[in-house]
Amino acid sequence: MLRDERFEIDPSEDAELGVARGGRLEFWVSHEEEVRGILLLVGGQGANEDLCALHALRKWAASRFKIAAVSVFYHGFDCRFSEDEAHHPRLDADSVENLRKGLARIGIKADELNEKNYLAFLDFYNQALGYMGLGSKKELEFTLIPPNGDYQNHGILAALDCLNALKAVRKKFAQAGGGGGRLPSIFYGSFYGGHLALLCAKIAPQAVDCVIETAGEALPVLERILAKDLERHEFVIEYEKVRLNCHTYGLWSRREGAKHYFSDDAYLVRAILNAEHLKIQHAANPHTIFVSLGAREDGGFKDKQTLHLAMQELGFRARLEAYAGEGDAEILERELPPMLEALSSFFSISPAAQNPAQNPDGQNSTATNPADGSAEICYPCRDKIYRFRDTEAGLVCEIFSK
């Protein structure tokens, strides 16, 4: 019988920006009595728009493939409009004022408008413009603030949240006698979720056995991270008569003297296509499997090709294929069964292959339990060294000067 469970754990702190986390980390797990592996469904930006679809995909995957399927509401996850009030972002003060002024221009007072109830006023504004028969769309600048004091860290905190959820799920199944410490883990994501899945494999190579991703960026997208500095919008929401040029509230900046300066170090640690870091990642776990889907017309496709060539030269099993617009369920239906079969065979090679104490040469080291509090990896960048360390409390990021 399928079980669907909700969990909360303490999240990792932001070592880069030094901002305290405002809430606990929420994740959901769907599974039957026996499971073959753990699937992390890493939602992209906009996944909070339709949580019913997110929950349905997780339950379907758990039932269809006999796995523990996990959805993580990671840091900054709630960055789009949502019908679920708990996962709906609020507006910053400037955005509230922008909407209030727009309403005032067509003779509508909006004294009760605030950072939480803005959707009703936005709908009314759109309808009023339609009734007035105005031709061109009105444009508004919106900054959305995720709940719980979240902001857009652009990758590191979100990846740590996904990995700490994996650690908690492993512990749950190990305690239940399900062998969770040895279950293979597969990360699946699309677009930003694909980038996060790749970043998880970089941060904790021993914890990630396979990444299946669609259109995940090989390099950080500066136009998104520094959108306000560049006076660009991060994404657009279209109404019939209103165009919203939107940002997710964030702190990073490249402006001289900025308190939260987005340094070259911050860029390099987020770059999956980083030759020196790939070597370090491969040395930590050469057995991770990478399956990527991409479209040649995508701006980052050439970077993805270069990334896969570099991975293959190092000895990773990496495959890049054309993306034909399939949905998540179609991709999982095609890619997951053979991957689970391959990983199940690998993990059942021998007891010694799964026990680092009996396997000192490190062969098949991906089968060790990454949640034993001993794993760490260091990535030298320009002026700083990023260390990701697995502690009893969870995975943490630590930053040191060279």
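Basis for what follows: all heavy atoms, side chains included, without hydrogens, waters or symmetry-related copies. Computed from a predicted model, the values in this text were never measured in an experiment.
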Under 3.5 Å, is there a donor-acceptor pair between the side chain of [X] and the main chain of [Y]?
X: R21; Y: S12; answer: yes
X: R389; Y: E398; answer: no
X: N285; Y: P205; answer: yes
X: D264; Y: R382; answer: no
X: R58; Y: A68; answer: no
X: S190; Y: G193; answer: no
X: Q127; Y: F124; answer: no

Consider only side-chain N and O atoms of [X] and [Y], and report whether a donor and an acceptor are under 3.5 Å apart.
X: E139; Y: N245; answer: yes
X: S185; Y: D209; answer: yes
X: S82; Y: E49; answer: no
X: D303; Y: T306; answer: no
X: H260; Y: S253; answer: no
X: N98; Y: S95; answer: no
X: Y192; Y: E217; answer: no
X: N274; Y: H277; answer: yes

Is the [atom1] atom of [X] crowded by more than 12 outside heavy atoms at less than 6.0 Å?
X: R317; atom1: CZ; result: no
X: R24; atom1: CZ; result: yes
X: K138; atom1: NZ; result: no
X: E83; atom1: CD; result: no
X: R296; atom1: CZ; result: no
X: K402; atom1: NZ; result: yes
X: E238; atom1: CD; result: yes
X: Y131; atom1: OH; result: no

So, taking the atom named [atom1] in [X] and the one named [atom2] in [Y], what distance separates them when rounded to the nearest 0.5 Å?
X: Q281; Y: I203; atom1: CD; atom2: CD1; result: 10.0 Å
X: D14; Y: L17; atom1: CG; atom2: CG; result: 4.5 Å
X: I145; Y: D92; atom1: CD1; atom2: CG; result: 5.0 Å
X: I272; Y: L278; atom1: CD1; atom2: CG; result: 8.0 Å
X: D4; Y: S30; atom1: CG; atom2: OG; result: 3.5 Å
X: L198; Y: L273; atom1: CG; atom2: CG; result: 11.0 Å

Scan L163, L199, L41, I38 and name whichever one has a side-chain contact (heavy atoms from CB on, under 4.5 Å) with F187. L163

Among V269, I225, L226, L268, find the residue that satisfies the side-chain contact (heavy atoms from CB on, under 4.5 Å) test when tested with P220. I225

Pair E112, N117 - check side-chain hydrogen bond (donor to acceptor under 3.5 Å, both in side chains), show working. CA-CA 9 Å; E112 296 181 1; N117 67 3; 5.9 Å; no

Go through the steps for Y261 and E256 under the test side-chain hydrogen bond (donor to acceptor under 3.5 Å, both in side chains), then give the verdict. CA-CA 8 Å; Y261 186 74; E256 187 176 349; over 6 Å; no

Set out, in order, the CA-CA distance, both residues' side-chain angles and the distance that settles ring-ring contact (aromatic ring centres under 6.0 Å, His included) for F235 and F142, then state yes or no. CA-CA 10 Å; F235 59 96; F142 268 24; over 10 Å; no

Counting C-beta onward and ignoring hydrogens, is there a side-chain heavy-atom pair between [X] and [Y] closer than 4.5 Å?
X: E376; Y: D390; value: no
X: R243; Y: V236; value: yes
X: S401; Y: K384; value: yes
X: L160; Y: V396; value: no
X: L140; Y: V242; value: yes
X: I67; Y: L340; value: yes
X: I331; Y: Y188; value: yes
X: L307; Y: K304; value: yes

What verdict does the salt bridge (Lys or Arg N to Asp or Glu O under 4.0 Å) test give for E34 and R36, after you've listed the backbone C-alpha separation in whole Å, the side-chain angles of each residue and the deciding distance to 0.1 Å? CA-CA 7 Å; E34 294 186 8; R36 303 172 58 196; over 6 Å; no

Evaluate the criterion side-chain contact (heavy atoms from CB on, under 4.5 Å) for residue pair K137 and Y239; output intermediate values, then yes/no. CA-CA 9 Å; K137 286 188 176 185; Y239 282 69; 6.0 Å; no

Show, in sequence, the C-alpha distance, side-chain angles and deciding distance for N148 and F73, and conclude whether the side-chain contact (heavy atoms from CB on, under 4.5 Å) test is met. CA-CA 12 Å; N148 300 319; F73 295 163; over 6 Å; no

For the rings on [X] and [Y], is their centre-to-centre separation under 6.0 Å?
X: H75; Y: Y151; answer: yes
X: H55; Y: W28; answer: yes
X: F27; Y: F7; answer: yes
X: Y118; Y: F121; answer: no

I would like to know whether H247 and Q152 meet side-chain contact (heavy atoms from CB on, under 4.5 Å); could you show each step before the answer? CA-CA 9 Å; H247 303 88; Q152 186 53 271; over 6 Å; no

Kindly confirm or rule out a cation-pi arrangement of K202 over Y379, judged by NZ or CZ under 6.0 Å from the six-membered ring centre and within 45° of its axis? yes

Are R100 and Y125 in a cation-pi contact, defined as NZ or CZ under 6.0 Å from the six-membered ring centre and within 45° of the axis? no

From CA spacing to verdict: ring-ring contact (aromatic ring centres under 6.0 Å, His included), F173, H31: CA-CA 10 Å; F173 280 95; H31 64 93; 5.0 Å; yes

Show the numbers, then the answer: is there a side-chain contact (heavy atoms from CB on, under 4.5 Å) between T143 and T248? CA-CA 6 Å; T143 296; T248 304; over 6 Å; no

ring-ring contact (aromatic ring centres under 6.0 Å, His included) evaluation trace for W252 with Y267: CA-CA 11 Å; W252 287 121; Y267 178 89; over 10 Å; no

